[in-house]
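First the proteins, then the strands, lettered A, B, ... as listed; each starts at 1.
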Amino acid sequence: MMFFSKLVTYIPSLLKGLGITLELTLLSAIIGFFAAIFLVVGVLYGNRFFKILCNFIITIIRGTPMMVQLFLIYFGLPGINIKLSPLTAAVIAFIINSSAYQAEYLKGGFMAISKEQIEAAYSIGLNKWDAIRLIVFPQAFRFAIPALSNEIVYLIQYTSVAYTIGLPELFYISKNFASKTYMNLEIYLFIGIIYLIFIYIITKLTDIVEKKLYIPGFDTSHLK
Amino acid sequence: MEENLLIIENIEKAFGSQKVLDGVSFKLNKGDVKVIVGPSGTGKSTLLRCINLLNPPDKGRIYLQNTEITQLPHSKIPSIRQKIGMVFQHFALFNHLSAIDNVALGLIKVKKMNKTDAYEKAMFELKRVGLDQHKDKYPAQLSGGQKQRVGIARALAMDPLLILFDEPTSALDPELIGEVLQVMQNLAKEGMTMICVTHEMGFAKSVANEVIFMEKGKIVEQGPPLKLFTEATHPRTREFLSKISELYGESEKK
Amino acid sequence: MSEINSNLFFLFKNMPLLLNATLTAILLTFASIFIGMAIGIIITFLRIYGSKITKKIVFAYEWVLKGTPPLIVIFIFYFGLGKYLNLGPFLSAALALGLRSSAYQAQIYRGAVLSITSEQTEAGLSLGLSRAKTFMIIIIPQALRLSLPGFTNEFTIVLKDTPLAYAVGLVEILKAGRDILNQPLTQSITGSDITGTLNPFAIFLVCALLYFLLFEVFSYLLHFLSKKYEIPGFVTDKETK
């Protein structure tokens, strides 16, 4: 039980790391969500220019690895005189990355809504943006919940990549612990379990949100 | 200009190279009930969608209360649409809203009514179509006939000048058609101005003051229902109406 | 000489390194996908036809591998098991990404298998084939085709995960980029009169571009395969959307 006695001394820094991991995950998920709405509305309802621009952004981001985007922002931007702290760089990289994926999931939801829904909205005098906001979005969002919940699960796992730019999140702290104690197997198994616990909690929470927002006729169980 | 509620002047509409409407004109007075019949793909639905500008016509003019609505800027279109009710073939209820919210949405968001008044009015309209008991149900929990009656209540709530019915019963199981037609008949008797694309000839005979027969984007013949059914001048009209009566007349007798 | 020229010079000089790194990324993707496929097929079989306990164990396996950050799995293989067996960076990464992929591939195959009617199995059994043989000969060939669209997606996900192997020192594209950047300038410019600094933005942009090219090429090829091996009249949901 050498491992646990050593682990105890590391608890404060592990908790701090966990805090950063969760902060990074939530910021990216939430801000990324709003950016995703912008992207998907641009793709589906924008004029030619916005359509092409938003599609381009989504394609490029989904076509390159997360880690490369992170490196480009943290190690690359100083080359054009933009220096960011590891946390800022990570937050920006993860928001950009997540927004593209969330946009793709939302797009699926939007496209599942029939054209008649918009026409019915028009027919009672709603304008285009109100029709999207009040009629299409609430339905599209419900269809996209399982995918969006998956995205949060991805995010919490991939925030560990931020250790490569020196962000002291949970994985970074574990790596520190490993290099000090040489207890590699123990600490990585232990931290793996910690990640799993948080993923379990997130899954349960999104299930609750989904149940709360449940409306007859919006069964998404087949999408899981 | 005389006091017509709606004037359609020579409208044309094409989708790609296919001309769907080819010079359609008619007039509508307040309280008129017009039934449009014709083979499928003749442009009947397109005609309705031109009138409420879901698919604005390529050529021709439409006047609502003597104001031309075909040349309006985009921003003015919603205010026209709220004066023209529309009932859809596949109901098009907002799936994420309960029956009463479907009816109240336009009142709150378009007419900017306060919520209490809006829900009171919505409740009144649901009662009018006999669905006050089901106000909290979601579309997925309603039968087709009930959905269509909510669709009618939603259109009614906006106090439209006229209502367009786009084959309102053709997606319904036969035993559910009656309840929707009943509501439509009541509306007609109350003096609602209506344009109905439908093949329910019983409905046409009992409440329409004019039947329009369309084919290939043109009006072939129009007139009072009895005249059209008994002494149509055009052979195509006779042929079509007798076919329709065969198909739909049977179910009416039962 | 201008900065752009010096960047181009370094890139050109390091072309062999970048190309080797690209090849490594491709090999790692294939190795991981292959490991994932082998295990994924076994898991699919166990999850569908196994006993209750087997099903539960397989479910747990899938859940754990889908939920553990892939970096941790790579580190467990490379550092964690390093004391007992020396796998090296490539094999550690391939095993880690492969195991993770096996869980996702199993999900894809299961969806495909379950969409194949039980009549197909019965027909196989009626010919006297064993359950395992029926699965291999009748179900898998159909399921593989049906799962091509999902597989395409999974392939690109694994491709995009390969830079994680950077963390254990594998010279894939990203590591190559950093290595180029870390080269002592004097050494890089021996025998030439080029001076100046490397622009990290340019280097990582090239890395991103290489990944993007790989992504597009493999997406295109796999989509092409999906279309080619589509069973006529047998369209999966994913394709219609």
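- For the atom pair CG of Leu71(C) and CE of Met67(A), the computed distance is 7.0 Å after rounding to the nearest 0.5 Å.
- Per-residue counts of heavy-atom pairs under 4.5 Å with chain C were compared for Leu196(A), Ile193(A), Thr203(A); the largest is that of Leu196(A).
- Once rounded to the nearest 0.5 Å, the distance linking CD of Gln69(A) with OH of Tyr211(C) reads 12.0 Å.
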Check the pair Ile191(A) / Phe75(C) against side chain to side chain contact (heavy atoms under 4.5 Å, CB included), numbers first and verdict last. CA-CA 11 Å; Ile191(A) 282 307; Phe75(C) 272 45; over 6 Å; no

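- For a residue to count as touching a neighbouring chain, one of its non-hydrogen atoms must lie under 4.5 Å from one of that chain's; by this rule Ile187(A) does not touch chain C.
- Only the side chain of Phe171(A) comes within contact range of chain C, with heavy atoms under 4.5 Å apart.
- The minimum heavy-atom distance between Phe75(A) and Pro200(C), with the atom names listed, is O-CB, 3.1 Å.
- Contact annotation for Phe218(C): neither backbone nor side-chain heavy atoms come within less than 4.5 Å of a heavy atom of chain A.
- Looking only at heavy-atom pairs under 4.5 Å with chain C, the residue among Val153(A), Thr164(A), Ile73(A), Ile60(A) that has the most is Ile60(A).
- Counted within 6.0 Å of NZ on Lys16(A), heavy atoms from surrounding residues, nucleotides or ligands total 12 or fewer; the atom is thus considered open.
- If you measure heavy-atom distances from Tyr182(A) to chain C, the contacts under 4.5 Å come from the backbone alone.
- In this structure, the portions of Phe71(A) lying under 4.5 Å from any heavy atom of chain C include both its backbone and its side chain.
- Atom NZ of Lys56(C) is surrounded by 12 or fewer heavy atoms from other residues, nucleotides or ligands within 6.0 Å.
- Proximity to chain A involves both the backbone and the side chain of Thr68(C), based on heavy atoms less than 4.5 angstrom apart.
- Taking 4.5 Å as the limit, every side-chain heavy atom of Lys83(C) sits out of range of all side-chain heavy atoms of Leu185(A).
- Residue Val73(C): no heavy atom, backbone or side chain, is found under 4.5 Å from chain A.
- Ranked by heavy-atom pairs shorter than 4.5 Å toward chain A, the options Cys207(C), Gly111(C), Pro70(C), Gly82(C) are led by Pro70(C).
- By a heavy-atom distance cut of under 4.5 Å, Lys160(C), Asp161(C), Pro163(C), Leu164(C), Tyr166(C), Ala167(C) are the residues of residues 160-168 of chain C near chain A, going up by number.
- At a 4.5 Å heavy-atom cutoff, Ser174(A) makes no contact with chain C through either its backbone or its side chain.
- Rounding to the nearest 0.5 angstrom, the gap separating the CZ atom in Phe204(C) from the CG atom in Leu70(A) is 10.0 Å.
- Taking the side chain as every heavy atom from C-beta outward, Thr59(A) and Glu216(C) approach each other to under 4.5 Å.
- In this structure, Ile76(C) CD1 and Leu189(A) CG are separated by 4.5 Å, a value rounded to the nearest 0.5 Å.
- Of the possible donor and acceptor atoms, one in the side chain of Gln157(A) sits under 3.5 Å from a partner among the backbone N and O of Lys66(C).
- Of the candidates Ile74(C), Leu81(C), Ile72(C), Ile72(C) is the only one forming a side-chain contact (heavy atoms from CB on, under 4.5 Å) with Tyr188(A).
- The number of heavy-atom neighbours closer than 6.0 Å to CG of Leu85(C), taken from other residues, nucleotides and ligands shown, is above 12.
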